[in-house]
Amino acid sequence: MLVNLQGPWSPLLGRLAMSQIPYENPILVGTFLLVVALGMAILGAVTYYGKWRYLWREWLTTVDHKKIGIMYILVGLVMLLRGFADAAMIRSQQAMAVGPDSPGYLGALHGYLTPFHFGQIYTAHGVIMILFAATPILVGIMNIIVPLQVGARDMAYPYLNAVGLWLTTAGAALVMTALFIGDFAHAGWFGSLPLNELPYSPGVGVDYWIWAMQLSSVGTTLGGINLIATIVKMRAPGMTWMRLPMFTWASLSANIISLTSFPVLTVSLALLTLDRYLGTHFYTAGMGGNLMLYNDLFWIWGHPEVYFVILPAFGMLSEIIPVFSEKTLFGYTGMVLASFGIAGVSWGVWLHHFFTMGSAPDVNAFYSVSTMLVGIPTGVKVFNWLFTMYRGRLRFDLPMIWACAALFFLLAGGMTGMMNAFTTNDYMVHNSVFVVAHFHLMLLLIVYAIFGAVNFWFPKVFGFKLNERWGKWFFWFFTAGTATVFIPMFTLGFMGMTRRLDYIPYTQWQPLLDAEMAGIVLYSLSAVYLVVQLYVSLRDRALNRVGADPWGTSRSLEWATPSPVPFYNFAYIPHVNARDEWAWRRENGVAQLRHEHYTGIHMPRNTGVPLVLGGLSLGLAFALVWRMWWLAALCLAGIVLLVIMRSFARNTDYTVPPEEVKRVEDAVWAGASVRGADGVRSGAGGLTPAHAPWAPK
Amino acid sequence: MTHSADNPLEHPEVQLADGRGYLLVYLFSSALLGAATWLVAKQAMAPLGLFLLTTALAGVVVVAQGVFLLHMEFSETQRWHTVSLVLFIPLFILTIGLSSWMFHGLYRRTMLTPRTAAPAAAASAGAPAMPGMDR
């Protein structure tokens with residue numbers, strides 16, 4: 001039943017052999033040594049400071065939505081770094097391999113990357129940046145903020161939340177494994193068929209790509225179910241639909257998209273898996289296969305995925321801009337409708353990714369019009385943000401600077417998107433770097449919103465502000481890098497440069513390619529400033545402690561909790577009185593009211609099962625990539641067994657006694673550090689006093 | 001957040017389970033789908049009539065199963081399940097409908113099957129193609 005494979009296979013190791021370890025490639029060997037050194041340093045530090053127990057009890061087995069969110073963001077940041085390294089290699093290769101006289105190194109005819117290696121790098125860059133950097137960071141922020149905004153003590157399904165995290169982490173780990181064992185896919189992040197079929201890609205790269213995408217897809221779907229259930233069922237009394245904070249609305253619309261679209265990705269990849277493993281002909285060229293079906297299925301997921309990542313970013317802007325304009329959000333109802341308008345239209349535009357495939361003109365015209373329709377709700381949002389700022393008391397703190405720049409990228413990326421929406425234009429720029437520059441601007445809008453959100457909510461999660469001065473250096477260098485990379489890229493696109501070139505025949509493009517390389521240098525410098533910002537902020541955290549409302553003009557419910565937030569979020573489930581609850585409480589003089597007496601709090605208990613499930617899933621995926629059937633069967637049996645055992649577990653929750661709640665509450669509002677004797681610990685990263693003048697005493 | 005639900009039988013969705021209802025709707029669905037199969041096998045009417053009738057029968061079965069098996073109703077417990085299932089319909093129409101429309105045009109333009117290739121070959125043998133003519 002299984003397809004015959006090229007090359008050796010053994011029952012024990014499957015396709016794995018020493019020849020699959022790229023020890024002859026100095027780039028990969030250097031990277032491996034760096035990873036080993038960093039890993040040893042981290043493990044050594046954990047051992048030296050005796051933090052294993054803490055790491056296990058507080059983080060690895062946690063079901064606390066805030067800690068899970070932080071870990072999602074950490075995974076995303078590590079993968080962001082990897083994705084950036086890939087980008088730097090793409091840019092440097094293109095700057096070096098220009099014209100027939102350009103020299104070649106490390107076995108490459110021009111530049112230093114062979115075409116096959118270059119293909120793997122741009123594929124990994126796309127997969128990582130979208131699925132393993134942007135998505136986990138956004139899911140992480142939604143995880144932290146949404147329960148706080150709706151007045152819940154955790155997500156609807158805390159255990160499922162942890163499972164989602166560890167599945168996503170397993171997917172990311174699989175992509176990283178491909179660096180050092182075997183190859184990664186080389187046919188683009190969205191996969192080109194029939195190039196991804198076994199006869200044309202006989203190695204394990206495509207299999208790594210399939211299983212990494214599948215793991216992350218399952219993880220994100222579970223996360224989507226959880227967030228929707230949390231928003232629908234866990235809202236505090238008084239938190240009616242039209243009082244929901246805008247970020248929560250955006251998260252709801254985004255997760256409806258994820259829940260409905262990710263299964264399509266699962267199916268489209270499963271069909272490819274059947275082709276590659278069992279020899280079916282879903283996407284083959286001939287034998288009854290239809291390779292265009294793959295494009296159709298993939299982008300039915302792919303375009304909604306674009307809005308899955310962009311809607312939370314819009315939600316972040318909707319939270320940041322009112323706080324730093326000292327006004328309510330303009331056009332709340334319009335914003336809600338626009339979010340769902342975008343989510344709805346996202347299901348009818350996917351064909352614009354392959355206008356040139358040969359569809360009938362009326363089909364292309366339909367998708368052209370539907371794509372342009374996206375501009376209407378998006379325009380509503382842009383105008384609402386502008387009207388929010390209009391005649392407001394504007395303050396340009398770090399989050400606001402990032403948010404304003406995000407608006408610029410939304411316009412620049414959106415307008416170039418409108419250009420591509422015209423089928424006639426698209427025929428000219430399809431597969432050119434103009435399109436690449438366009439969607440990078442849209443993704444940069446998300447990145448800018450994320451950095452704004454991180455600066456905005458960081459004090460809420462950790463109890464101290466990030467350093468403003470170094471943050472601004474980071475912002476300006478990052479922005480300079482963006483301009484220097486992408487303005488030349490748009491120009492090159494108009495000049496006819498197609499994407500994914502490992503060799504550029506036209507020497508007249510050299511200056512623009514060099515400019516893009518200079519942009520990468522600016523980006524690298526900005527990363528240094530980011531590290532400095534984090535270091536200085538951590539070093540000076542005692543000086544930058546904040547109270548419940550670090551910005552003084554915050555509006556939504558999450559700012560009613562102490563900073564950092566205790567593990568149970570709210571000592572009492574809050575009663576919500578207004579759309580901007582915290583602003584309402586401030587204006588009505590009840591922000592500083594506290595309870596005299598407390599009752600026990602029902603909380604979920606930590607468990608190591610999700611971590612083990614993630615490990616077993618990684619093992620299963622690795623075994624399937626290398627076709628080690630015994631290992632795959634073992635891991636699958638382990639997963640099934642563990643899930644059954646967990647379903648019989650009864651000791652999954654506990655009640656925090658009232659005296660413990662009182663002790664933690666007294667401490668967080670007074671500013672003392674708290675660590676419970678039973679391991680119950682406040683906050684996401686330690687406890688901090690509330691020194692700000694507006695903080696409740 | 002987990003809730004103390006040590007007895008799964010007390011879960012509201014489990015409480016909705018109804019063996020007699022399951023059995024009845026199973027028999028009802030089998031009867032209607034059997035009737036549809038029989039109509040098609042016997043070619044009991046013109047193709048368009050068959051298409052409409054079998055579609056209608058399938059629709060009735062879907063509704064019956066939705067109500068009796070999936071308990072699509074507007075009670076407190078089931079309201080959101082019903083909303084989710086109903087919202088699935090426009091997505092189904094969009095994805096399947098638009099894909100079918102796209103492939104219909106695409107096949108005519110790019111996939112020369114033997115049936116369409118033969119007239120095309122005959123036409124090209126008879127007269128030279130006009131410049132720019134879509135072939």
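Because only heavy atoms are used, hydrogens play no part in the values below, and waters and symmetry mates are left out as well, while side chains stay in. In the text below, chain A, chain B and the rest are named by the order of the sequence lines, each starting its count at 1.
- Contacts from residues 85-95 of chain B to chain A, taken as heavy-atom pairs separated by less than 4.5 Å, involve B:Leu91, B:Leu94, B:Thr95 in sequence order.
- In this structure, the separation between CG on B:Leu106 and CG on A:Leu351 is 9.0 Å, given to the nearest 0.5 Å.
- When heavy atoms are compared at a cutoff of 4.5 Å, A:Asp362 approaches chain B by way of both its backbone and its side chain.
- Residues satisfying the ring pair (Phe, Tyr, Trp, His ring centres under 6.0 Å) test with A:Phe340, not counting sequence neighbours, are A:Trp249.
- Other residues, nucleotides and ligands place no more than 12 heavy atoms under 6.0 Å from the CZ atom of B:Phe68.
- Environment of OH in A:Tyr427: crowded, with over 12 heavy atoms of neighbouring residues, nucleotides or ligands closer than 6.0 Å.
- A:Gly348 and B:Leu98 make their closest contact through CA-CD1, 4.3 Å (heavy atoms, listed as atom of the first residue, atom of the second, distance).
- Looking at A:Phe354 and B:Met102, their side chains come closer than 4.5 Å, going by heavy atoms from C-beta outward.
- Between A:Gly358 and B:Arg109, the shortest heavy-atom distance links the atoms O-CD, 3.0 Å.
- The minimum heavy-atom distance linking B:Gly105 with A:Ala360 is given by the pair CA-CB, 4.2 Å.
- When the candidates A:Leu297, A:Val232, A:Ile228 are compared by the number of heavy-atom contacts under 4.5 Å with chain B, A:Val232 comes out ahead.
- Proximity to chain A is limited to the side chain of B:Trp80, based on heavy atoms less than 4.5 angstrom apart.
- In the displayed structure, B:Phe51 atom CZ is contacted under 6.0 Å by at most 12 heavy atoms of other residues, nucleotides or ligands.
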